[in-house]
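The structure under discussion is supplied below as structure tokens; questions concerning it will follow.
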There are 2 protein chains.
Amino acid sequence: MLIAEVSDKYDLSQDTLRYYERIGLIPRVNRNKSGLRDYTEEDCKWVEFIKCMRGAGLPVETLIEYVKLFQLGDATVAARKELLIGQRDQLLTRMEEMKRVLERLDDKIARYEQTIGAKEKALMAHDS
Amino acid sequence: MLIAEVSDKYDLSQDTLRYYERIGLIPRVNRNKSGLRDYTEEDCKWVEFIKCMRGAGLPVETLIEYVKLFQLGDATVAARKELLIGQRDQLLTRMEEMKRVLERLDDKIARYEQTIGAKEKALMAHDS
DNA sequence: AGTTGACTTGGAGTTAACTCCAGAGCGTAC
DNA sequence: GTACGCTCTGGAGTTAACTCCAAGTCAACT
């Protein structure tokens, strides 16, 4: 699978895919005889995983660390688990904060609705 | 209220407070006779609101727009409401994505737990 | 043989959101 | 009256995460 197809499939620019590989955010992709990247299924799974984690805001640095640990093999299983737990907890914290803000926004919107409603009523009264 | 106190109260650096004011993320704060910022209750409410919204990831640009609309007065009530609705929807979308990622992380962590459990079991067997 | 189009690399540029700094003003403490 | 501490302004620097670019390679057409 060439880079163009992967780019289309996961909606990541070719530049981003090359960048991710360069910084070790995904393991190195093999090149074919012409020197072009030839993504395996495995590579694609990494791309998908990283895209997913980045989408939730996990930092690039942390994900690089995860990939590094992964490449070190079975000895790092515990460390990888701990890393994921740390990220999971932070994610949860952020979600909780966002939930509070969501409620606050809903409140504020409801109040704006009231304001507008009141104004319309005033106009109606003026009309009649 | 001087900037130091506001900085302490909301855990925002003085530089950040000045920066927010400079770019219009909070309305201009009055200066006392010596030229120092003297935050009113109103100013503090803005600081708190902006800090809260930024904490949930609402973009600075959008919040500046909101403040601008606010300063234009009652004529912009509807526009402000629409702006908030837009941000609310985006926030919700991001939260949903994060929720999916959270579940995926939990899954992955559970699988790591199994892996580690299995390894321990193997060690036990070897011991006996 | 030459042009086209996709891809390569290394490196520079961009964007958002701060963060830091130099030089100066003001008010109190010695 | 000068040293100290707090704050001021305008502008430069930083960080994270891309994004863009120039120069070159390679295979496939024409």
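In what follows, every chain begins at residue 1, and chains take the letters A, B, ... in the order their sequences are listed.
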> A:Y20 has an atom OH; how far is it from atom P of D:dA16, in whole Å?
Replying inline: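 To the nearest whole Å, that distance equals 15 Å.
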
> Separation of A:E65 atom CD from D:dA16 atom C1', in whole Å?
Replying inline: 17 Å

> Atom CG of A:L17 and atom C1' of D:dC20: how far apart are they, to the nearest Å?
Replying inline: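 Taking atom C1' of D:dC20 as the reference, CG of A:L17 is at 15 Å.
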
> What integer distance in Å separates A:D15:CG from D:dT19:P?
Replying inline: 8 Å

> How close or far is atom P of D:dA17 from atom CD1 of A:I64, stated in whole angstroms?
Replying inline: 9 Å

> Any side-chain heavy atom of A:R37 sitting closer than 4.5 Å to one from A:L2?
Replying inline: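 Side-chain contact under 4.5 Å: no.
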
> C:dC18, C:dT9, C:dT19: which one has an atom nearest the side-chain heavy atoms of A:R37?
Replying inline: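 Output: C:dT9.
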
>> Base of C:dG10, side chain of A:R18 - is there a donor-acceptor contact under 3.5 Å?
In response: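 Side chain to base: no pair present.
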
>> Assess whether a salt bridge exists between B:K99 and A:E96, defined as any Lys/Arg side-chain N lying under 4.0 Å from an Asp/Glu carboxylate O.
In response: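 Salt bridge absent between B:K99 and A:E96.
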
>> Can you tell me which nucleotide in C:dC7, D:dG11, C:dG10 comes closest to the side chain of A:R22?
In response: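 Among the listed nucleotides, the one closest to the side chain of A:R22 is C:dG10.
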
>> Is there a salt bridge (Lys or Arg N to Asp or Glu O under 4.0 Å) between B:D15 and B:R18? Walk through the geometry before answering.
In response: CA-CA 5 Å; B:D15 270 318; B:R18 283 188 283 257; 3.7 Å; yes

> Given atom CG of B:L12 and atom P of C:dA17, what is their separation to the nearest angstrom?
Replying inline: 15 Å

>> Using whole Å, what does the distance between atom C1' of nucleotide D:dT15 and atom CD1 of A:I23 come to?
In response: 14 Å

> According to a strict under-4.0 Å criterion, is B:Q14 in side-chain N/O contact with OP1 or OP2 of D:dT7?
Replying inline: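 Yes, B:Q14 has a side-chain N/O under 4.0 Å of OP1/OP2 on D:dT7.
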
> Do B:K9 and B:Y39 meet the cation-pi criteria used here (NZ or CZ under 6.0 Å from the six-membered ring centre, within 45° of the axis)?
Replying inline: no

> So which one's nearest nucleotide on DNA chain D is more toward 5', A:S34 or A:L25?
Replying inline: A:L25

> Considering only D:dC8, D:dT19, C:dT8, which nucleotide approaches the side chain of A:S13 most closely?
Replying inline: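 Nearest to the side-chain atoms of A:S13, counting from C-beta on, is D:dT19.
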
>> Using the side-chain heavy atoms of A:R54, tell me which of these nucleotides is nearest: D:dT7, D:dC18, C:dT8.
In response: D:dC18

>> Are A:F49 and A:Y66, when compared by the centres of their aromatic rings, separated by less than 6.0 Å?
In response: yes

> Please give, in whole Å, the distance from C:dT9 P to A:I3 CD1?
Replying inline: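 Between P of C:dT9 and CD1 of A:I3: 9 Å.
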
